Number of protein chains: 2
Amino acid sequence: MSAAILGKLEALHPLPDDDRALLHAVVGRGRPLKAGDDIVREGERTDVVHVILEGHGYRYKTLADGKRQIIGYLVPGDFCDLYGFLLDRMDHGMATRTACRIAELSEEHILMLTSRPALARALWWSELVNASILREWLVNMGRRTPSVRVAHILCELLVRLQVVGEATNDSFRLELSQAELGDTVGLTTVSVNRALQKLRSAGLIQQTNREIAIPDVAALKAFADFDPSYLHFRKDRDESAEGRA
Amino acid sequence: MSAAILGKLEALHPLPDDDRALLHAVVGRGRPLKAGDDIVREGERTDVVHVILEGHGYRYKTLADGKRQIIGYLVPGDFCDLYGFLLDRMDHGMATRTACRIAELSEEHILMLTSRPALARALWWSELVNASILREWLVNMGRRTPSVRVAHILCELLVRLQVVGEATNDSFRLELSQAELGDTVGLTTVSVNRALQKLRSAGLIQQTNREIAIPDVAALKAFADFDPSYLHFRKDRDESAEGRA
DNA sequence: CGGTCGGTTGACATGTCTCAATTAACGTGG
DNA sequence: CCACGTTAATTGAGACATGTCAACCGACCG
């Protein structure tokens with residue numbers, strides 16, 4: 001089960017065996033959380049780092065008027081609040097959207113991990129990629145039409161879930177309601193629904209329940225204006241190069 | 001002139017004297033750039049880290065159809081592409097919007113700096129705050145109305161420019177065209193213009209040329225739904241507490 | 001079997017973008 | 001120091017698209 005952690009971290013560099021062993025030992029089996037549970041609430045001060053071992057979640061902010069904006073997805077292998085030791089206080093909340101298994105690491109544990117160069121590099125790299133994803137989401141919301149926006153996030157999910165072994169070449173299980181998709185890309189439920197309809201009727205995606213199948217991945221990526229280089233996966237660079245050729 | 005660098009970095013922790021000296025020595029006087037110059041282009045691979053000593057700039061991405069999204073502002077003291085050594089390639093471009101003075105640090109220089117704990121902390125902290133700002137911008141674009149959006153970015157600029165000594169308690173020089181503001185918050189020039197008119201006629205801001213004066217800062221912050229805690233400045237925490245009381 | 005949540009649909013109001021023209025501010029060269 | 005050209009700001013009219021409101025359907029759970 002903790003293979004997934006390595007999966008995400010090794011998207012950067014393969015870890016030395018002893019680092020892998022240390023990581024496993026420190027992380028342990030974690031504790032289970034139900035779907036919809038809070039992991040950390042907004043404004044909270046926390047002295048542990050939460051690591052997702054299994055399941056999915058998201059980062060979010062809530063506005064005064066109750067509106068919500070999702071500002072990131074959490075997948076297995078994510079060190080959710082690594083920066084908690086540098087920043088004083090959570091500027092956003094985190095919640096699960098499926099049942100999860102989550103480890104809580106103390107500052108000592110983190111120091112133990114980050115004293116290993118390969119692990120430290122992998123963790124910071126992950127943090128930087130998260131920031132890069134935020135930048136792309138900003139572009140998505142600011143300058144793309146609803147259906148392109150939705151298509152783009154679907155492309156991203158496909159690629160990111162592939163990395164943690166939860167998607168095939170052309171399909172994955174969408175663990176998000178249309179309301180949550182809307183809170184991600186800045187649309188209402190109704191608009192998300194119609195955007196998805198558009199994608200379906202254009203033959204770009206097929207939906208059965210929560211299962212998304214993509215008949216022609218290159219076509220969807222083209223429609224979505226999706227260039228995976230912002231995810232900074234080594235493998236995708238080649239892939240995108242050939243997709244473009 | 002390089003006092004501004006320290007200003008930004010010391011918003012976290014005051015630096016030990018020898019770290020300050022090292023920083024000054026490494027950074028030097030920099031080289032001048034004209035307004036509108038590219039600092040680094042999208043997709044470029046760079047082996048130096050650019051540091052803004054003077055002037056202002058922004059990070060941006062350009063879409064296939066020519067639309068642009070600004071994804072961050074650069075102010076004096078910013079290490080623009082600190083992560084260049086961890087990530088392979090710039091996922092966005094950076095340009096100046098005023099005349100600038102910019103230093104270019106080699107990997108050796110960076111290693112020299114990051115081997116000092118206080119400096120390393122300050123640099124990473126800065127990186128994390130940038131990510132936090134991105135999250136808030138996402139909320140801004142996704143879930144706020146145009147005039148609130150514009151008001152929010154003005155509040156942010158006020159606070160951030162105060163930190164580098166370029167704003168008074170209630171005013172600052174806006175170094176952005178309305179088109180650039182629009183590219184920041186996901187609006188057209190026309191909508192930005194009308195949003196600003198709304199703020200002016202509501203008495204929330206006063207504009208003379210590019211100078212923004214805010215008669216009642218608390219009122220603008222309230223209108224903008226602005227809570228500065230996402231900037232993670234120690235001082236602002238108290239300020240916001242009293243502003244709220 | 002009933003209730004809840006998520007998805008779907010329609011009608012409608014509103015707001016934002018587009019297009020286009022006008023005015024104002026600024027920098028440059030004569 | 002003024003004339004001109006360029007960029008930025010402002011305004012108006014109209015099309016279009018998204019949000020709002022509300023109802024309905026369907027699946028899943030207890």
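Order of the sequence lines sets the chain letters (A, B, ...), proteins ahead of strands, with each chain counted from 1. These figures come from a predicted structure and were not determined experimentally.
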Q: Looking at every strand, decide which applies to B:Gly182 at a 4.0 Å heavy-atom threshold: base, sugar-phosphate, or nothing.
A: nothing
Q. Roughly, in whole Å, what's the span from CD1 in A:Ile212 to P in C:dG7?
A. 10 Å
Q) Within 45° of the six-membered ring axis of A:Tyr60 and under 6.0 Å from that ring's centre, is NZ or CZ of B:Arg135 located there? A) no
Q: Using the side-chain contact (heavy atoms from CB on, under 4.5 Å) rule, pick out the option among A:Ile133, A:Leu134, A:Asn130, A:Ile71 that qualifies with B:Leu134.
A: A:Leu134
**Q.** Separation of atom CE in A:Met141 from atom C1' in C:dT16, rounded to whole Å
**A.** 16 Å
Q) Which residues satisfy the ring-ring contact (aromatic ring centres under 6.0 Å, His included) test with A:Tyr230, sequence neighbours excluded? A) A:His152, A:Phe226
Q: Assess A:Arg210 against A:Phe172: is NZ or CZ under 6.0 Å from the centre of the six-membered ring, and within 45 degrees of the ring's axis?
A: no
Q) Reckon B:Gly186 touches a base, only the sugar-phosphate, or nothing at all at heavy-atom distances under 4.0 Å? A) sugar-phosphate
Q.
Expressed as a whole number of angstroms, how long is the span from B:Glu175:CD to C:dA25:C1'?
A. 15 Å
(Q) Between B:Thr96 and B:Asp37, is there a side-chain donor-acceptor contact under 3.5 Å, judged purely by atom types and distance? (A) no
Q) So what does A:Leu187 hit on the nucleic acid, given a heavy-atom distance under 4.0 Å: a base, only sugar-phosphate, or nothing? A) sugar-phosphate
Q: Tell me which residues in residues 200-210 of chain B put a heavy atom below 4.0 Å from DNA chain D, sorted by number, or none.
A: B:Arg200, B:Arg210
Q: Take the protein atom CZ of A:Arg97 and the nucleotide atom C1' of C:dG6, then report the distance between them rounded to whole Å.
A: 16 Å
(Q) Check the phosphate of C:dT8 against A:Gln178, side-chain N and O only, distance under 4.0 Å to OP1 or OP2. Yes or no? (A) yes
Q. B:Pro146 side chain: which of C:dT9, C:dT16, C:dG7 is closest?
A. C:dT16
Q: Hey, could you give me the CD/CG distance between A:Gln206 and A:Leu204, rounded to the nearest 0.5 Å?
A: 10.5 Å
Q) Are B:Gln197 and B:Asn193 close enough that a side-chain donor and a side-chain acceptor fall under 3.5 Å? A) yes
Q.
Strictly below 4.0 Å: does B:Ser191 bring a side-chain N or O up to OP1 or OP2 of C:dT16?
A. no
Q | Distance in angstrom units between B:Gln197 CD and C:dA24 P, rounded | A | 14 Å
**Q.** Value in whole Å for how far the C1' atom of C:dT8 lies from CG of A:Leu199
**A.** 16 Å
Q) A:Leu196 has an atom CG; how far is it from atom P of C:dG6, in whole Å? A) 15 Å
Q) What's the closest nucleotide to the A:Asn193 side chain, out of D:dT11, C:dC17, C:dT9? A) C:dT9
Q.
Output the rounded distance in Å from CZ (A:Arg194) to P (C:dG10).
A. 8 Å
